[in-house]
Amino acid sequence: MNLQKLPMNRRPRKHLHLNLNDDQFDDLISALENHRDCFQRLSEEAANGFGLGIPYWDGRVNEIQELIDAVRHCARGDGAE
């Protein structure tokens with residue numbers, strides 16, 4: 001099974017339960033945003049012919065954004081879907 005070709009919501013899942021204070025939650029979101037931004041920079045470099053292709057990095061950017069959205073969704077108490 002090629003996991004890279006599966007949408008994020010169809011891949012094997014890991015279930016996490018985190019009990020974070022506000023500072024820890026903010027740190028987690030900041031770390032994920034920085035990770036996403038790093039992939040965005042790699043996508044921009046790919047546009048100049050460096051590294052892997054743009055579609056790969058743009059896909060990774062989207063996956064990390066989905067993760068950020070899921071973490072925020074869970075923090076609101078809506079549960080993970």
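The first residue of the sequence shown is numbered 1, and numbering continues consecutively from there.
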key: side chain to side chain donor-acceptor pair (under 3.5 Å) partners of Asp58, counting only residues at least two apart   = Ser43
note = Nearest heavy-atom contact between Ile64 and Leu32 is CG2-O, 3.3 Å
message = I need the full list of salt bridge (Lys or Arg N to Asp or Glu O under 4.0 Å) pairs touching residues 29-40, with sequence neighbours left out, sorted by first then second residue.
response = Glu33-Arg72
query = Got a second to check how far Tyr56's OH is from Leu42's CG, nearest 0.5 Å?
reply = 9.5 Å
message = Quick check: closest heavy atoms across Gly53 and Ala46, and the distance to 0.1 Å?
response = C-CB, 3.9 Å
inquiry  = Taking ring pair (Phe, Tyr, Trp, His ring centres under 6.0 Å) as the cut-off, I'd like each qualifying pair that reaches into residues 13-36, sequence neighbours left out, listed once.
reply    = His35-Phe39
query = Is it the case that Asn48 and Glu44 place a side-chain donor and acceptor less than 3.5 Å from each other?
reply = no
inquiry  = Could you work out, with side chain to side chain contact (heavy atoms under 4.5 Å, CB included) as the rule, every residue matching Leu18, not counting sequence neighbours?
reply    = Leu20, Leu28
task = Starting from the C-alpha separation in whole Å, work towards a yes-or-no answer on side chain to side chain donor-acceptor pair (under 3.5 Å) for Asn62 and Glu66.
result = CA-CA 6 Å; Asn62 291 333; Glu66 288 177 14; over 6 Å; no
query = Got a sec, which residues hit side chain to side chain donor-acceptor pair (under 3.5 Å) with Glu45, two or more places apart in sequence or on another chain?
reply = none
Residues that Asp27 engages under side chain to side chain donor-acceptor pair (under 3.5 Å), provided they are two or more places apart = none
message = Holding to side chain to side chain contact (heavy atoms under 4.5 Å, CB included), I want the full list of residues that pass it with Asp22, two or more places apart in sequence or in another chain.
response = none
